[in-house]
Visitor: 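Here's a structure for you.
Quick caveat: nothing in here was measured; it's all calculated off a predicted structure.
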Amino acid sequence: QQKAKSFTRAIRKSKLLQCLLLGALGAVLMIIGFFGGSMSGDSDSPFYMVAMLGLFPIIGAGIYAMAGVKTDNKNNEDEDE
């Protein structure tokens, strides 16, 4: 139980781990969806919707990763002068 708590704490503190987990979840959904859809042989298989749902965690991870990036243009302009 102590290991689970420390692992949870590490994930909550690390933005990189959160992004990687979201990306991995999206990748797993996409893989399951595409393989399930191709194995069913139906071009309108619901598995393809699972694959498209996998895009949301991947896009969310990218947005979450970029949300914390700060650009300080004033400091860069002062250094150039």
Visitor: If the condition is side-chain hydrogen bond (donor to acceptor under 3.5 Å, both in side chains), which residues does S38 pass it with, not counting sequence neighbours?
Guide: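 Here no residue qualifies.
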
Visitor: Which side chain to side chain donor-acceptor pair (under 3.5 Å) pairs, counting each pair once, include a residue from residues 21-35, with sequence neighbours left out?
Guide: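 Listed by first then second residue: nothing to list.
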
Visitor: Enumerate the residue pairs fulfilling side chain to side chain donor-acceptor pair (under 3.5 Å) with a member in residues 56-66, sequence neighbours excluded, ordered by first and then second residue.
Guide: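 Listed by first then second residue: Q18-Y64.
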
Visitor: List for me each residue that meets side-chain contact (heavy atoms from CB on, under 4.5 Å) alongside L22, sequence neighbours excluded, and say none if there are none.
Guide: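 Testing L22 for side-chain contact (heavy atoms from CB on, under 4.5 Å), a comparison that skips the adjacent residues, returns P57, A61.
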
Visitor: Is any side-chain heavy atom of I58 less than 4.5 Å from a side-chain heavy atom of M30?
Guide: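 Yes, close enough: below the 4.5 Å cut-off.
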
Visitor: Can you tell me how far apart CG (D42) and OH (Y48) are? Round to the nearest 0.5 Å.
Guide: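 Interatomic distance, D42 CG to Y48 OH, rounded to 0.5 Å: 8.0 Å.
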
Visitor: If you count every heavy atom of other residues, nucleotides or ligands that lies below 6.0 Å from M49 atom CE, does the total exceed 12?
Guide: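 Counting other residues, nucleotides and ligands, CE of M49 stays at 12 neighbours or fewer.
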
Visitor: Run the numbers on F34 and M39 for side-chain contact (heavy atoms from CB on, under 4.5 Å), then give the verdict.
Guide: CA-CA 8 Å; F34 283 126; M39 286 175 44; over 6 Å; no

Visitor: Under the 4.5 Å side-chain heavy-atom rule for ILVMFWY, direct or indirect, which residues accompany L20?
Guide: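 Via sub-4.5 Å side-chain contacts, L20 links to L16.
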
Visitor: In the hydrophobic clustering that connects Ile, Leu, Val, Met, Phe, Trp and Tyr at side-chain heavy-atom distances below 4.5 Å, which members other than F35 occupy its cluster, ordered by chain and number?
Guide: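 Joined to F35, directly or through intermediates: I31.
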
Visitor: Going by the rule side-chain contact (heavy atoms from CB on, under 4.5 Å), which residues pair with I63 if we only count those two or more places apart in sequence or in a different chain?
Guide: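 Listed in chain order: I59.
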
